[in-house]
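The structure that follows is given in the form of structure tokens.
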Amino acid sequence: MASKISVLGSTGSIGTQTLDVARMHGLEITALTANSNIKLLEKQAREFHPKMVAVSDLGAAAQLKIALRDTDIDVFCGEEGIITAATESNCDTVVNAVVGVAGLVPTLTAIKTGKNIALANKETLVAGGKIVTKAVDSYGVKLYPVDSEHSAIFQCLQGCPPGSLKKLILTASGGSFFGKTRDELENVSIKQALSHPNWEMGAKITVDSATMMNKGLEVIEASWLFNCEDKDIDILIHRESIIHSMIQLKDNAVLAQLGVPDMRIPIQYALTYPNRLPSPTKELDLAELGSMTFYKPDYETFTCLSVCRDALRRGGLYPTVANAANEAAVAMFLREQIRFLDIADIVSDAVSSFTDNKESFTLEDILDADKATRARVSQKYGHNSFD
């Protein structure tokens, strides 16, 4: 069980809910980081009294340093500041809730300094699964999934004999546009894409949910977490988000983890494993729920699913390219430079046109592929503008 934690991305949805869990169970916070929301970060720092805080944005960090001058809390900035938080000497567990591939380097650095990882940053495993899992084994640390789907699978696997797993079944809400056709998605707005039916999340992950890219990334993440191939991972649309994922065993028994759609359950399990403690979330009332629904995913409309599966099968740096193209495309969509359907087309184009793959690669190769992909996407699509 974690006792002293560093929270990377403490002002986001996962970060604030992590602090709910810490508050309830008296976990010590050693470091907090944010991108630029210094107003909330200051409030968190004054409540939890970490040894240090870090802000990605240099200007915001300077403002926070002034705001916290009456405390003994050290303020760091930039990527080095985030890495300093991830390796804070008193910390035993790092909660990585950073958005995007920016979470990869802090994760690897934390692992190499002996920290356990509670991972909410799926891009870490999408882009760097091979080197991250190798580092986890080499340095003898633990990697606990925080994503609700992967936490559900992790929970279902407890007590299952080795070799008994047949396949994973990742559930998906279907996002904002479940049941829509491509024609109906032609001119959807940013506001519509950000209207998730069940979860309150940041803008990037909510758009990923709307395109179903999020589920494609989770397939790649699951393959590394649970040592499974693409063919061993199914996706099932479950609109109510009550069953968070399932496993099927070789005797065809299916085990599922259920709960209300509240991220504090998987966050807490990652921090308190193997213990089961009281939770700040409410009980699940199945009688009140009444019924649950299930559907097959629409691969023709939500083509990001197929692109991610293809990238996983190709291996090497292809998942890195898919993720980088998506991050760039989502940013352009949120700036109204491209339309919603363009996101999937851009990711597909990036993967299909990538030719510099490497089966054996380093962190530098990942970062180079990520940077080059973003540059190509920006150069090709970044000058568009739509009303």
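As the structure is a prediction and not an experimental result, all values here were calculated from the model.
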Approximate separation, where rounding is to 0.5 Å, of Tyr381 OH and Met332 CE: 8.0 Å
Would you compute the distance between atom NE2 of His49 and atom CD of Gln44 and round it to the nearest 0.5 angstrom? 13.0 Å
Could you measure the distance from the NZ atom of Lys43 to the CG atom of Leu19? Nearest 0.5 Å is fine. 11.5 Å
Non-neighbouring partners of Phe177 that pass side chain to side chain contact (heavy atoms under 4.5 Å, CB included), sequence neighbours left out: Lys180, Leu185, Val188, Gln192, Ala193, Ala210, Phe302, Phe340
Distance-only polar pair, side chains of Asp262 and Thr281, donor-acceptor under 3.5 Å: yes
Does any pair with a residue in residues 68-83 pass side chain to side chain donor-acceptor pair (under 3.5 Å), and if so which ones, sequence neighbours excluded? Arg46-Asp70
Test salt bridge (Lys or Arg N to Asp or Glu O under 4.0 Å), reference Asp230, set Arg313, Lys167, Arg314, output is Arg313
Interatomic distance, CD1@Ile233 vs CD1@Ile153, rounded to 0.5 Å, equals 7.5 Å
Is it possible for you to check whether Lys130 lies under 6.0 Å from the centre of the six-membered ring of Phe361, through NZ or CZ, and within 45° of that ring's axis? yes
Does a salt bridge link Lys166 with Asp251, judged by any charged N lying under 4.0 Å from a carboxylate O? no
In chain order, what residues pass the ring pair (Phe, Tyr, Trp, His ring centres under 6.0 Å) check against Phe294, with sequence neighbours excluded? His238
Same apolar cluster (I L V M F W Y, side chains within < 4.5 Å links), Val146/Ile265: no
Start with the C-alpha gap between Asp208 and Asn326, add the side-chain angles, then the distance that decides, and say whether side-chain hydrogen bond (donor to acceptor under 3.5 Å, both in side chains) holds. CA-CA 8 Å; Asp208 282 351; Asn326 178 67; 3.0 Å; yes
Checking Lys122 against Asn214 for the side-chain hydrogen bond (donor to acceptor under 3.5 Å, both in side chains) test, could you report, in this order, the C-alpha distance in whole Å, the side-chain angles of both residues, the deciding distance, and whether it holds? CA-CA 9 Å; Lys122 62 178 60 64; Asn214 192 51; 3.1 Å; yes
Do Tyr144 and Tyr269 have ring centroids that are under 6.0 Å from one another? no
Set out, in order, the CA-CA distance, both residues' side-chain angles and the distance that settles side chain to side chain contact (heavy atoms under 4.5 Å, CB included) for Val254 and Gln248, then state yes or no. CA-CA 4 Å; Val254 176; Gln248 187 171 50; 3.9 Å; yes
Within the distance-only criterion (no hydrogens, no angle test), does the side chain of Glu240 pair as donor or acceptor with the backbone N or O of Thr293 below 3.5 angstrom? yes
Looking at Tyr273 versus Phe154, is the centre-to-centre ring distance below 6.0 Å? yes
Got more than 12 heavy atoms from elsewhere within 6.0 Å of CD, Glu283? no
Under 3.5 Å, which donor-acceptor pairs do the side chains of residues 20-32 form with other protein atoms, sequence neighbours left out?
unit_1	atom_1	unit_2	atom_2	d
Asp20	OD1	Arg23	NH1	2.9
Arg23	NE	Glu47	OE2	2.6
Arg23	NH2	Glu47	OE1	3.1
Arg23	NH2	Glu47	OE2	3.3
His25	NE2	Gln268	OE1	2.9
His25	NE2	Pro278	O	2.9
Thr30	OG1	Ile5	O	3.4

Lys204, NZ atom: more than 12 neighbouring heavy atoms under 6.0 Å: yes
Got a sec, which residues hit ring pair (Phe, Tyr, Trp, His ring centres under 6.0 Å) with Phe48, two or more places apart in sequence or on another chain? none
For Phe354, give me all partners under ring pair (Phe, Tyr, Trp, His ring centres under 6.0 Å), at least two apart in sequence or on another chain. Tyr318
Pairing donors with acceptors under 3.5 angstrom, does anything connect the side chains of Arg239 and Tyr295? no
